[in-house]
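Following: one structure in structure tokens, then a few remarks.
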Amino acid sequence: MPKTTHIATRIAELRAQLDDANYRYHVLDDPAIPDADYDRMLRELDELEAAHPELITADSPTQRVGAVPTGSFAQVRHAIPMLSLGNAFSDEEVAVFVRKIEERLGRDALAFSVEPKLDGLAISLRYEDGRFVQGATRGDGATGEDVTANLRTIKAIPLQLRGKDWPRVLEVRGEVYMPLAAFKAYNERALVEGGKVLANPRNGAAGSLRQLDPRMTAQRPLAFYAYGIGLVEGVELPETHSQTLGRLRQWGFPVSGESDVVEGLQGLLDYYRAIGDKRDRLPFDIDGVVYKLDDYEGQAEMGFVSRAPRWAIAHKFPAQEQMTVVESIEVNVGRTGAVTPWVLMQPVQVGGVTVTRATLHNADQVARLDVRNGDTVIIRRAGDVIPEVVRVVVEKRPAGTRPWSMPSHCPVCGSELVREEGEAVWRCSGELTCAAQRKEAIGHFASRRAMDIEGLGERFIESLSDLGYVQSVADLYKLTLDDLLEMKRRADERDDTTPETVKSGKVATRWAENLLEAIDHSRNTTLERFLYALGIQHVGESTAKALATWFGDLELIRHLPWPLFKRVPDVGGEVARSIGHFLDQAGNQQVIDDLLARGVTITDTHPPTPKLRDGLNLATLLVDLEIPKVTRVRAEQLASAFPSVQALLDAPKHNFVSAGLPADTAQALADWLEDETQAGQLVAGGDALARLDAITPAAAEVAQGPLDGQTAVLTGTLSALSRDEAKAKLEALGAKVSGSVSKKTSFVVAGEAAGSKLDKAQELGVEIWDEEKLLSFLAGHEP
DNA sequence: GGCCCTCGAGTTCA
DNA sequence: CTCGAGGGCC
């Protein structure tokens with residue numbers, strides 16, 4: 001056998017194996033050989049072809065790496081025009097589409113071939129005798145650009161048809177797109193290597209195909225789905241579109257796995273919803289779904305209106321990503337003084353709603369995105385709801401912009417903005433002298449989960465605060481009807497958008513009476529709500545509840561030395577200090593006094609939990625005070641040597657040594673006691689111990705509930721009861737209701753439209769209850 | 001010291 | 001809902 005024949009055989013063999021591997025990887029999504037083997041074979045083929053250039057053919061897998069640039073794209077006239085599709089944005093428009101077909105054909109229960117509409121670039125591929133010869137963009141539908149060399153680099157496009165019964169000429173229509181994962185990976189690498197970052201997968205695909213240098217295209221992670229046929233010669237096509245898709249699969253083209261055949265309007269709409277629900281989880285961007293009348297005979301009968309077929313339509317999703325322009329970058333001051341930058345943008349429709357503002361979270365985020373005034377930005381509704389800025393379209397940036405920077409002072413009160421070491425947020429140092437923080441504090445105080453003052457919304461708080469009627473939350477409880485009417489009148493003068501009718505006496509009076517009634521109603525409250533309402537940093541609902549159950553009494557809490565808060569589970573140094581800091585401020589204590597004096601009553605005062613007294617003694621007190629060098633062991637030595645706090649305070653330093661402490665520890669303790677505030681804490685701690693002895697009951701039987709020790713998580717929407725009701729009922733049975741799923745979760749109650757928490761529960765194998773199960777469980781354990 | 005679990009805080013629109 | 005960070009446990 002002559003040597004070249006032998007080599008030609010080997011080359012053919014390698015090509016066949018590589019083609020097969022490609023097909024399994026890119027079309028069947030079922031890789032058959034490891035990447036390393038693929039690379040090895042490709043290298044071998046490359047070497048053989050380099051040595052024997054006369055054996056290179058255009059359909060060799062080596063040619064996918066990209067040919068030499070040509071300079072420009074030739075025009076290609078499509079044998080059969082590439083159609084555009086009519087669009088439907090609502091169910092009604094789809095209904096009209098279906099009805100017209102039914103009327104014209106005189107049939108109903110029609111079968112439609114349906115598939116997701118990829119957000120990519122439509123192309124046409126021409127095969128002659130089974131070999132890929134030319135590919136073109138859609139262009140204006142009649143004439144496109146010849147991008148054959150670029151298309152060759154896309155591995156999902158067969159260079160040679162598979163199977164046997166090929167048509168002599170075949171034109172395949174489909175979409176070139178960039179898979180999301182590949183898009184992300186490409187951009188991450190581009191960022192590191194300083195390459196060009198792609199704006200989005202669609203632009204990435206379009207730009208890549210129009211690269212003049214195919215070697216560049218070869219670097220881009222493009223993929224392809226076939227969705228139809230243009231010209232075909234030499235083979236009889238099946239009778240329906242769905243069968244044609246099957247034929248395309250056999251010839252080696254990737255066809256969307258989501259494609260299906262459904263019946264009638266309801267079938268179409270169900271499919272639309274199903275794909276819509278899946279949209280976020282699909283590995284590529286789609287902008288809708290396409291419906292095509294399945295049988296070709298019907299298609300022929302329907303015909304075309306101008307360039308669009310009457311037998312097909314694209315049902316579009318509301319866009320999830322949009323471009324808009326930043327009008328300004330503002331900052332907001334929150335309840336805790338946290339300063340958060342946000343952008344005001346030209347209004348734009350995203351995911352079906354009009355968006356004008358989006359948060360930028362913090363200064364780091366602004367720096368990361370480098371958002372500037374006047375920038376064109378791409379925004380997205382994350383997690384289906386909250387708009388976020390995805391990135392800036394730098395090419396569209398106007399000249400002369402400068403990076404945004406955090407102001408040095410609070411825009412509301414002028415206090416300096418400060419940032420804690422290692423923290424991301426800047427805070428206004430003005431505390432309650434800052435009007436913004438005061439308003440937020442009042443809003444928090446009045447909110448549903450706190451004091452629940454109905455009708456006290458943002459606007460009224462704004463007026464009450466700006467016009468000086470309410471400085472602190474306690475002022476709410478001294479408002480009179482006259483105050484409110486006067487305030488309303490003055491507020492309406494400032495803002496003349498209020499309709500005259502609302503300004504009129506009667507309406508205003510009723511509003512004021514209702515608000516006073518709501519304020520009065522809030523006077524009776526629970527310790528838990530009250531503590532939460534104060535708005536202490538790090539004390540949210542759950543910590544407030546824990547404090548309330550452990551201490552039971554506001555007066556006890558108000559005068560407790562802060563280290564004792566660490567007795568409560570889940571309260572550590574940071575949170576305890578924060579509570580202490582709040583209570584140390586005379587202004588805050590004054591507000592509490594005022595609230596109580598103006599009739600706020602805590603209705604559920606009770607003795608501290610016995611568990612509190614159990615774990616508390618002089619030794620634990622000393623440990624909690626965090627005295628340098630005083631460890632648990634040392635604290636216990638001290639506690640056994642001194643009968644009381646007073647004895648410890650009175651003792652000279654050398655007595656610490658005789659109590660068994662090493663000299664340096666004794667010195668550290670003595671030094672610590674030198675500080676009056678610290679010594680005062682010890683005294684207060686001693687007093688608290690004494691008080692607790694007087695009021696703490698003996699350990700009582702804790703009521704047993706059927707769900708004691710279990711952790712439940714609620715997700716989705718329940719129909720028979722609200723989430724809060726469900727939470728309260730589960731807690732009444734002893735369960736702890738938490739907000740996030742982990743492997744410690746006992747069960748998850750999943751209502752309608754449950755989201756990521758349900759997924760996570762399934763992933764972790766956590767028990768899942770539906771609403772029915774919850775209701776029957778609750779019914780079976782009615783007290 | 002490093003994980004994993006929670007909690008707190010901030011957020012948008014109709 | 002998501003992010004960041006506190007708290008507890010190994």
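In what follows, every chain begins at residue 1, and chains take the letters A, B, ... in the order their sequences are listed.
Geometric assessment of A:R357 against the ring of A:W342 yields a positive cation-pi assignment under the 6.0 Å and 45° thresholds.
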> How does protein contact run along nucleotides 4-11 of chain B, one letter per nucleotide 5' to 3', with B for base contact, S for sugar-phosphate only, - for none, heavy atoms under 4.0 Å?
Replying inline: -SBSSSSB
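Between the CZ atom of A:F565 and the C1' atom of C:dG7 there is a distance of 17 Å, given to the nearest Å. Atom CD1 of A:I379 and atom C1' of B:dC13 are 13 Å apart (whole Å). Per the geometry, CD belonging to A:E626 stands 13 Å off C1' belonging to C:dG7, to the nearest Å. Counting to the nearest Å, the C1' atom of B:dT12 and the CD atom of A:E330 are 16 Å from each other. Whole-Å rounding puts the A:L360 CG to C:dT2 P distance at 18 Å.
Salt bridge present: A:R273 and A:D91 bring a charged side-chain N and a carboxylate O closer than 4.0 Å. For A:E636 and A:R632, the salt-bridge test passes: some basic side-chain N is under 4.0 Å from an acidic carboxylate O.
Aromatic rings from A:F565 and A:F551 are positioned such that their centres are separated by under 6.0 Å. Between A:W562 and A:F582, the gap from one ring centroid to the other reaches at least 6.0 Å.
The closest donor-acceptor contact from the side chain of A:S328 to the backbone of A:E330 lies at 3.5 Å or more, if one exists at all.
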